[in-house]
Participant: 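The following block contains the structure, expressed as structure tokens.
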Protein chains: 2
Amino acid sequence: MALSTKRTDRRTEALSKERIVEAAIHILDAEGERALTFRALATRLATGSGAIYWHVADKQALLAAATDHILASVMAEVAERSTLNHDAIRTVALGMFDAIEAHPWIGAQLSGDPWQQGLLRILEGIGRQVQALGVPESALFNATTALLNCILGVAAQHAAAERLPRGTERSVYLAAIAERWTQLDLAEYPFVHHLAAQLPGHDDREQFLAGVNLVLAGIESIR
Amino acid sequence: MALSTKRTDRRTEALSKERIVEAAIHILDAEGERALTFRALATRLATGSGAIYWHVADKQALLAAATDHILASVMAEVAERSTLNHDAIRTVALGMFDAIEAHPWIGAQLSGDPWQQGLLRILEGIGRQVQALGVPESALFNATTALLNCILGVAAQHAAAERLPRGTERSVYLAAIAERWTQLDLAEYPFVHHLAAQLPGHDDREQFLAGVNLVLAGIESIR
DNA sequence: ACCTGAACACCGTTCAAGT
DNA sequence: ACCTGAACACCGTTCAAGT
């Protein structure tokens with residue numbers, strides 16, 4: 001690597017898009033979305049805030065690159081456990097679920113721009129398996145986006161949780177929502193009241209998988 | 001109403017949460033999400049920017065109230081055309097689709113906070129019909145949120161379009177995305193390439209309905 | 001080519017002061 | 001009780017100036 005020590009003598013390991021993205025991910029994971037500031041980023045990288053613009057177009061591009069970085073590693077990891085069709089789809093979906101849970105700021109990013117680079121990797125991964133299931137050409141797009149919607153739904157849920165004060169427990173968060181639901185007018189919201197009882201006890205991951213299975217069942221009934 | 005003319009003599013029709021929300025919706029619809037500023041809102045209401053805080057907690061609450069206002073009218077309108085089960089679900093879903101298309105800023109709001117007040121009306125409306133379909137207790141939550149995910153998916157797509165420069169045609173927007181997809185490496189993204197061809201010609205509303213139908217088919221196969 | 005950091009043009013929100 | 005509007009504490013982004 002360090003064949004020639006010509007430039008800067010690795011004092012501060014020259015800035016690069018990759019280093020910037022890594023630093024951004026660190027801040028996002030450690031302190032949340034609101035803490036990612038060009039000033040905070042510059043401080044962490046020991047540089048001026050303007051320097052970042054030499055490598056990254058703007059904040060939106062930075063967030064997209066950070067999301068892409070995570071999603072690329074998800075797909076790489078998932079690709080190793082090669083299974084087929086239904087199982088492959090479930091594997092990709094669960095990989096996404098875990099990634100969104102580990103990095104909730106991804107949720108906001110995905111909901112905000114569902115056609116961004118990073119999500120295309122997932123679209124590709126899922127779409128190929130849907131195709132392999134023998135879904136007719138005309139239903140291919142719809143079936144794949146329906147599965148993607150399950151992921152976007154989870155993303156939206158975690159994006160909302162991300163915007164809470166740091167360190168709020170998931171369980172007390174759900175309990176607070178259930179509490180709010182219970183306070184709604186019973187006559188007007190009977191069904192929501194009914195769900196409120198189930199909300200605190202439920203397993204997010206299990207529910208997510210159930211949604212995916214439901215869509216898979218729908219796909220099965222189509223072909 | 002104006003039994004006594006005691007106070008302010010209706011010179012400027014005193015501020016109220018409702019007037020503020022209506023003004024906010026006007027700005028959001030006419031000029032987009034980024035144009036909604038407390039300063040712009042204050043100017044439109046011919047008041048000081050601080051006055052708004054007397055009626056609304058903060059910007060997040062204002063956006064939630066605006067979204068709730070729209071969704072309430074969607075549900076009211078949809079409730080009149082009373083149908084049953086599958087058709088009722090499709091009616092609610094299409095009502096939401098049209099609302100999101102007419103007010104794209106709702107998309108960002110729904111994706112950002114899927115448990116907010118406004119969306120509960122939809123959850124209630126859809127959930128009741130799912131219940132009426134005879135879906136077993138254990139699958140009720142999953143089936144309803146799966147349908148909600150279709151709506152959140154559409155919301156996310158329109159939220160992304162909303163953030164574009166004003167006045168971008170939907171068709172040129174889709175063409176631009178298809179163009180980007182075509183430029184991806186064919187070996188790595190064969191499926192996305194395949195979809196790119198369908199993207200410009202497709203009908204959003206039709207695709208949305210197809211997704212809903214897919215989930216409904218899945219629900220049918222469960223019970 | 002790449003980096004610095006002050007400066008610019010904004011925000012949401014607060015709050016003493018008014019009526 | 002309700003409103004005013006200046007002030008505060010931030011932002012993302014730009015850009016002359018440096019190396």
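Just so it is clear: chains get the letters A, B, ... in the order the sequence lines come, proteins before strands, and each one is counted from 1. Atom set for the values below is all heavy atoms of this structure, side chains included, hydrogens, waters and symmetry mates excluded.
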Participant: Below 3.5 Å, can you tabulate the donor-acceptor pairs from side chains in residues 191-204 of chain B to any protein atom, sequence neighbours excluded?
Facilitator:
{"unit_1": "H193(B)", "atom_1": "ND1", "unit_2": "Y189(B)", "atom_2": "O", "d": "3.1"}
{"unit_1": "H193(B)", "atom_1": "NE2", "unit_2": "T182(B)", "atom_2": "O", "d": "2.8"}
{"unit_1": "H193(B)", "atom_1": "NE2", "unit_2": "L184(B)", "atom_2": "O", "d": "3.2"}
{"unit_1": "H194(B)", "atom_1": "NE2", "unit_2": "E137(A)", "atom_2": "OE2", "d": "3.1"}
{"unit_1": "Q198(B)", "atom_1": "NE2", "unit_2": "E137(A)", "atom_2": "OE2", "d": "3.3"}
{"unit_1": "H202(B)", "atom_1": "ND1", "unit_2": "Q207(B)", "atom_2": "OE1", "d": "2.8"}
{"unit_1": "H202(B)", "atom_1": "NE2", "unit_2": "D204(B)", "atom_2": "OD1", "d": "2.8"}
{"unit_1": "D203(B)", "atom_1": "OD1", "unit_2": "R205(B)", "atom_2": "N", "d": "2.9"}
{"unit_1": "D203(B)", "atom_1": "OD1", "unit_2": "E206(B)", "atom_2": "N", "d": "3.3"}
{"unit_1": "D204(B)", "atom_1": "OD1", "unit_2": "R170(B)", "atom_2": "NH2", "d": "3.4"}
{"unit_1": "D204(B)", "atom_1": "OD2", "unit_2": "R170(B)", "atom_2": "NE", "d": "2.6"}
{"unit_1": "D204(B)", "atom_1": "OD2", "unit_2": "R170(B)", "atom_2": "NH2", "d": "2.7"}

Participant: Pair up each side-chain donor or acceptor in residues 53-65 of chain A with any protein partner under 3.5 Å, not counting sequence neighbours, and list the distances.
Facilitator:
{"unit_1": "D58(A)", "atom_1": "OD1", "unit_2": "Q60(A)", "atom_2": "N", "d": "3.4"}
{"unit_1": "D58(A)", "atom_1": "OD1", "unit_2": "A61(A)", "atom_2": "N", "d": "3.0"}
{"unit_1": "K59(A)", "atom_1": "NZ", "unit_2": "L36(A)", "atom_2": "O", "d": "2.8"}

Participant: Using the test side chain to side chain donor-acceptor pair (under 3.5 Å), find all partners of Q109(B) that sit at least two apart in sequence or belong to another chain.
Facilitator: Q116(B)
Participant: Reckon W54(A) has a side-chain N or O less than 4.0 Å from the OP1 or OP2 of dC2(C)?
Facilitator: yes
Participant: Which parts of nucleotides 5-18 of chain C does protein reach within less than 4.0 Å, heavy atoms only, written one letter per nucleotide 5' to 3' as B for base, S for sugar-phosphate only and - for none?
Facilitator: BBB---BBBB----
Participant: For DNA chain C, determine which residues of residues 20-28 of chain A have any heavy atom closer than 4.0 angstrom to one of its atoms, and list them numerically.
Facilitator: none
Participant: Using a cut-off of 6.0 Å, state whether more than 12 heavy atoms not belonging to E18(B) lie near its atom CD.
Facilitator: no
Participant: Does E179(A) have any side chain to side chain donor-acceptor pair (under 3.5 Å) partners at least two apart in sequence or in another chain, and if so, which?
Facilitator: Q183(A)
Participant: Pull out every stem in DNA chain D, meaning runs of 3 or more consecutive Watson-Crick or G-U wobble pairs with both distances under 3.5 Å.
Facilitator: C:4-8 with D:12-16, C:12-16 with D:4-8
Participant: In this structure, how many angstroms lie between the P atom of dC3(D) and the CG atom of L41(B), rounded?
Facilitator: 13 Å
Participant: Only counting residues at least two apart or in another chain, list the ones meeting salt bridge (charged side-chain N to carboxylate O under 4.0 Å, His left out) with E124(A).
Facilitator: R128(A)
Participant: With sequence neighbours excluded, what pairs up with E77(A) under the salt bridge (charged side-chain N to carboxylate O under 4.0 Å, His left out) test?
Facilitator: R81(A)
Participant: So, using side-chain contact (heavy atoms from CB on, under 4.5 Å) as the criterion, who are the partners of S73(B) when residues are at least two apart?
Facilitator: none
Participant: Mind checking salt bridge (charged side-chain N to carboxylate O under 4.0 Å, His left out) for D68(B) and listing every partner two or more places apart, or none if nothing turns up?
Facilitator: R121(B)
Participant: Who are the salt bridge (charged side-chain N to carboxylate O under 4.0 Å, His left out) partners of E162(B), not counting sequence neighbours?
Facilitator: R166(B)
